[in-house]
> 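First the structure, which I've put down as structure tokens, then a few questions once you've had a look.
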Amino acid sequence: MKTSKSDRRQDSVLRSAIDRIRQDADRLTNSCKIYQETLKELCQITGSPEGFVIEASTEDQFPKLLVTHPVATKTKALDLPYEFKEGIGRLSTLLSSAKPEIFNHPDKSIIDLSFLDLPPIKRMIAIPLIDHDNFYAIICLTNSRLPYEISIVSRCKPLLATSARMQRTLGFKQLSTPNESKWCKTLEDLFQNSQMPMICIDGEQKILRMNIAAEESFLTTLSSSREKLVTEFVYDNMSDGVRSIPLNPNHIDTSTPRRLSLTGRQSLGRTFPILVTSISYQIEQQPEKAALLMIDVSPTHQSLDRQQHDQAQRFQAVSDLAPIGILQSNATWEAEYVNNRWCDICGHDRNEILGLGWINSIHPDEVTRFLESLRETLFSGNEFNGECRFMTPIGNTVWVQFQARPLIDQQGVSCGFSATLLDTTYRKITEEKLKKLAEHDSLTGLSNRPMFHQRLEHALDRMERQGPFALLCLDLDGFKNINDTLGHDSGDLLLIEIAKRLVDCVRSEDTVARLGGDEFMILIEGLPDSSVAANVAEKILSSLEQPTIIGNQEIFISTSIGITFATGQGKCDAKNLIKQADIALYRAKEDGRNNYQYFSPELEEASKARLLLGNSLYRAMKQSEFEVFYQIQAKVSNNQPVGTEALLRWQHPDKGLLAPTAFIPLLEESGLIGPVSRWLWKQAFTDHKRWVDQGLLPEDSHVSINLSPRQLRDSQLIISLESAMAEAGIVSSQVVVELTESSLIADSNTTSQTLRNIKNLGVRLALDDFGTGYSSLTYLKRFSIDIIKIDRTFVQDILTDTDDVAIIQALLALSKSLSITTVAEGVDAAEKLNMLAKWGCELHQGYLLNKPCGSKKLEALLQSACEAGQ
Ligand code: C2E
Ligand code: CA
Ligand code: CA
């Protein structure tokens, strides 16, 4: 359809009308003002001297008169006459089909504006102001010179559309509903705030709008350059001085923006190279316009640009290479930038992280707490630095160090944050391992000594609130033997098994610790009553009754347990409590092991005494407080002495003469048993040699010495024994070593080897206290025992106890069959000796012959025995 000249003229009038309304958009904050402007422009275009706008009908109310022209309405204050309301009500209904209507001879009943001092309406066109989903108002133009034609409506459509859109935008602004208003605002913001100079021109290349960047670039203002030709500022220098550019939007293919290398000219005349991209656009039915986007490519500008570009590139490179994750968010905490490393750490794609997706990486257990503390810190303007757990999509936990700093824009308003992420999983795992190592026993996984002490201190601190607690000290019985016999690997397996059983015997909140070797401690807090500790102890003892299978061997082990309570009374500190439990444990050991004992002050006294005694052993050594006592061993048949047994005594300065049972364990514990024994051998062997030399004892007589189990593990034993014999000048056949069965039970390689070595020296072996232990025949054979000493507990009652008689008779028969010599111990009466003679016992020893005595006294005894025999 061709447009006529007058049409075109009208178009340009219309365009300027639209632009006027649009350019004043910011001022038109109220919908009535927009109607007022629209009405004014429409009246002008249609040659209507008057007009008015009425509100579109709402269902239950009469529409209102909004504005009038040329008189500004005071509708709000005006009480509209009923007829008027009626009239526009009907008009509204009439136009509800959204079609314009022409009234060339309007019925007075439809509308009567006489009350507004407007001339009577002769003709009128009513145009609904609508867009696709809103019916805003009805614009009525009146009394044009020529009759109204409906075509005027389509011609004015761009203006109507602009007005409608402005109403819509305003509506959005007022309702602050999202989408469109946001979009318009965004575009407007983009235009106003763009660093890039932008100019909008119409089809005639006249400047319509210009942003601040353009004002700055061309050193001009919008008000001074509006309506001016854009070629005043941008032109093509190459086209023979002709200042024209092919910018006319009507010539531009709208689908592809055009890019031109032109010359920019500032108002003061300076020129500079400029790159112009022209984008044409059309709003509704309005004529096409063009937006010119410009880049100043003069060297100064370019270098600034390049600097920015270089900087961006450098940031990108550093950020991609950085071993830390980097993320940047906007004001609503949506990630807008994230580098590769961040993605790697989280195991998510960039797209999954951007927006609010980054929050999904935080471990579900921590996300609330983490976000809260992050928000709190950033909102108070501080830097956040925290460690937390992330979870990868496949469920792996990643420990991270999360650092964030709030971002503040030029107006000082918070606009998000930037964060860095460091994967600390390896460090965390190592730390945890080290902590575990530092706090736990590596073999059993139980708490170790330092950790136990810490728990104990803690328990003491909490005692006031939690009440008394119990401390159990355990030491396995004969573990050393097992270790020696089966080897350390088996010993370790046994300890692991025992640790498990101990843990099973207590509640999860109790502490079981291995303090080293075969020593364990148990801490039981929150005791309802003291019997709980005994229950636990009994549970442990019975749990250990079950053998442990290691390799294919069944191993039996028991434990002794000392128990003490922390009640808040007395000396209640960690050191003291451990000491008390230890004292009770010692008592349990003394009481035959495999039992438990409570600590008591009496026990403490005894333990103190023992300790004192132990301390004075060194002094005893130095000051020769030890002495050798002897007992004669003689033939049962004729009382002929065949040798002596050397027995150790301690002449204590305060306590008087002490029996070996009172201090031998202390000698063993302190390691003094070796030197003291060697001293004894020297004395005993020398005495023996002298008595033989004096003829008080026969050539083939012997001296018996006692060896404790511990001494059998002494690697220097054989050498010491040999040199003691050599020094004294006696031969090995004159020496008998007495051992108890418990020494043999261990049956370790070392013990067996030592016994073989003793035998190889030519020294005889006697099994002491026979009948009280295992009385095993295997030992007799395996270690080639020469002599058995029937324990005095059997001999004691042979006059009355028929059982003991039977046992002794059996033992005698047995030893005869194995060609082993028998010695009856503790023979203290002639009747007993007679009976033993009857049963064929070879040798005897006891108070009947002599009570143990010193060498001088014994010498005298031997002397008189000799004389008696001669
Ligand atoms: P033992 O080897 O069984 O020594 C015999 C113990 O029985 C001695 O006690 C002796 O005094 C006591 N005795 C002997 N005849 C009678 C009696 O007719 N009636 C009563 N009631 N008791 C009698 P003693 O001297 O106190 O020795 C105790 C134990 O100490 C010894 O038992 C021995 O196993 C150990 N012992 C003694 N001297 C040493 C030593 O030098 N080294 C080591 N390792 N142990 C020693
Ligand atoms: Ca003995
Ligand atoms: Ca004995």
Side-chain angles (χ1 to χ4, degrees), residues 617 620-621 625-634 636 643-652 656-685 687-688 702-714 717 720-721 724 735-743 754 758 764-773 775 785-799 811 822-833 836 843-855 857-858 861:
L617 280 173
M621 265 286 283
E625 289 169 13
F626 292 112
E627 240 179 275
V628 189
F629 271 38
Y630 295 97
Q631 263 193 319
I632 296 168
Q633 294 177 349
V636 171
T644 58
E645 179 181 358
L647 297 160
L648 187 61
R649 291 290 180 271
W650 181 6
Q651 191 65 55
H652 194 279
L657 193 67
L658 295 178
T661 40
F663 61 89
I664 285 206
L666 291 178
L667 276 180
E668 288 186 331
E669 272 171 35
S670 63
L672 281 174
I673 187 79
V676 171
S677 292
R678 286 194 287 276
W679 169 85
L680 177 136
W681 299 341
K682 194 179 167 192
Q683 302 298 311
F685 293 171
D687 284 343
H688 185 75
H702 64 264
V703 56
S704 290
I705 53 162
N706 295 279
L707 286 187
S708 64
R710 194 190 169 108
Q711 287 176 281
L712 288 180
R713 293 198 293 268
D714 176 3
L717 179 77
S720 309
L721 202 56
V735 176
V736 171
V737 163
E738 296 192 2
L739 302 160
T740 54
E741 276 181 300
S742 57
S743 310
T754 308
I758 293 173
R764 277 172 289 167
L765 288 182
L767 200 50
D768 211 348
D769 305 343
F770 195 76
T772 56
S775 313
I785 301 293
D786 301 287
I787 302 161
I788 55 175
K789 296 184 77 178
I790 301 167
D791 192 71
R792 67 182 145 89
T793 51
F794 297 105
V795 178
Q796 219 165 0
D797 301 327
I798 47 172
L799 301 177
L811 283 179
T822 46
V823 180
E825 286 190 297
V827 180
D828 52 7
E831 297 98 306
K832 294 181 186 171
L833 187 65
L836 288 164
L843 305 173
H844 73 111
Q845 175 185 353
Y847 291 177
L848 186 63
L849 282 168
N850 76 306
K851 283 195 171 177
C853 60
S855 62
K857 195 165 176 198
L858 193 90
L861 277 174

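Order of listing sets the numbers, starting from 1, for every ligand and every atom in it.
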> Do me a favour and list the nearest non-hydrogen protein atom to atom 16 (C) of ligand 1 with residue, atom name and distance?
Tyr847 CE2, 3.2 Å

> Please find the N/O/S atom of Glu825 nearest to the Ca ion (ligand 3) and write down its name.
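Among the N, O or S atoms of Glu825, the one closest to the Ca ion (ligand 3) is OE2.
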
> Given Pro660, Pro852, Ala646, identify the one with the heavy atom nearest to atom 24 (P) of ligand 1.
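Among Pro660, Pro852, Ala646, the closest heavy atom to atom 24 (P) of ligand 1 belongs to Pro660.
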
> Any heavy atom of Lys851 closer to ligand 1 than 4.0 angstrom?
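The answer is no: ligand 1 sits nowhere under 4.0 Å from a heavy atom of Lys851.
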
> Give the name of the N/O/S atom in Glu645 that lies closest to the Ca ion (ligand 2).
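For Glu645, the N/O/S atom sitting closest to the Ca ion (ligand 2) is OE2.
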
> Ignoring hydrogens, tell whether any protein atom lies closer than 4.0 Å to atom 21 (N) of ligand 1; use the non-hydrogen atoms only.
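When distances to the protein are checked, atom 21 (N) of ligand 1 has a heavy atom within 4.0 Å.
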
> Quick check: closest heavy atoms across Leu712 and Thr754, and the distance to 0.1 Å?
O-OG1, 3.1 Å

> Can you pull out the closest protein heavy atom to atom 15 (N) of ligand 1? Residue, atom name and distance to 0.1 Å, please.
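The protein heavy atom lying closest is Gln631 NE2, 3.0 Å.
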
> Compute the shortest N/O to N/O distance between Thr661 and ligand 1 and return yes if it is under 3.5 Å, no if not.
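No.
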
> Looking at atom 9 (O) of ligand 1, what's its closest protein heavy atom, distance included?
Arg649 NH2, 4.6 Å

> Find the distance between CZ (Phe663) and CG (Leu672) and round it off to the nearest 0.5 Å.
11.5 Å

> Looking only at heavy atoms, which two atoms of Arg764 and His702 are closest? And how far apart?
NH2-CB, 3.6 Å

> Show the atoms of ligand 1 that are less than 4.0 angstrom away from any heavy atom in Asp769.
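Those qualifying, in numeric order: 3 (O).
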
> Which residue holds the protein heavy atom closest to atom 38 (N) of ligand 1, what is that atom called, and what is the gap in Å?
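Ranking protein heavy atoms by distance from atom 38 (N) of ligand 1, first comes Leu648 N, 3.1 Å.
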
> Where the side chain of Asn706 meets the backbone of Leu648, is there a donor-acceptor pair that is under 3.5 Å apart?
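Absent.
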
> Look at atom 4 (O) of ligand 1 and say which protein heavy atom is nearest, naming residue and atom and giving the distance to 0.1 Å.
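For atom 4 (O) of ligand 1, the nearest protein heavy atom comes out as Leu647 CD2, 3.6 Å.
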
> Any idea which protein heavy atom is nearest atom 1 (P) of ligand 1, and the distance to it?
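Of the protein heavy atoms, Asp768 OD2, 3.9 Å lies nearest.
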
> What residue and heavy atom of the protein are closest to atom 12 (C) of ligand 1, and at what distance?
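Protein heavy atom with the smallest distance to atom 12 (C) of ligand 1: Arg792 NE, 3.9 Å.
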
> Val628 and Gln683: which non-hydrogen atoms are nearest, and at how many Å?
CG2-CB, 3.6 Å

> Any non-hydrogen atom of Gln845 lying under 4.0 Å from ligand 1?
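Heavy atoms of Gln845 never come under 4.0 Å of ligand 1.
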
> Touching ligand 1 at all, Lys789? Heavy atoms, strictly under 4.0 Å?
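No, Lys789 has no heavy atoms under 4.0 Å from ligand 1.
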
> Is the distance from the Ca ion (ligand 2) to the nearest N/O/S atom of Asp769 under 3.0 Å?
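Looking at Asp769, which is the residue asked about, there is no N, O or S atom under 3.0 Å from the Ca ion (ligand 2).
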
> What atom name does the N, O or S atom of Asp768 nearest to the Ca ion (ligand 3) carry?
OD1

> Which residue supplies the protein heavy atom nearest to atom 5 (C) of ligand 1, what is that atom called, and how far is it?
Glu825 OE2, 4.2 Å

> Quick one: pull up CD in Gln845 and CZ in Arg792 and give me the separation to the nearest 0.5 Å.
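With rounding to 0.5 Å, CD (Gln845) is 10.0 Å from CZ (Arg792).
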
> Any heavy atom of Gln711 sitting closer than 4.0 Å to ligand 1?
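Checking ligand 1 against Gln711, which is what was asked, there is a heavy-atom contact under 4.0 Å.
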
> So what does the Glu738 OE1 - the Ca ion (ligand 2) - Asn706 OD1 angle come to, to 10°?
90°

> Working to the nearest 0.5 Å, report the span between OG1 of Thr644 and CD1 of Ile632.
8.5 Å

> Can you list the steps and then say if Ile705 with Phe685 is a side-chain contact (heavy atoms from CB on, under 4.5 Å)?
CA-CA 10 Å; Ile705 53 162; Phe685 293 171; 4.2 Å; yes

> Ignoring angles and geometry beyond distance, decide whether Gly846 reaches within less than 3.5 Å of ligand 1 through its nitrogen or oxygen atoms.
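Gly846 vs ligand 1: no N/O contact under 3.5 Å.
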
> So between Asn706, Ile664, Val676, Val795, whose heavy atom ends up nearest atom 33 (C) of ligand 1?
Asn706

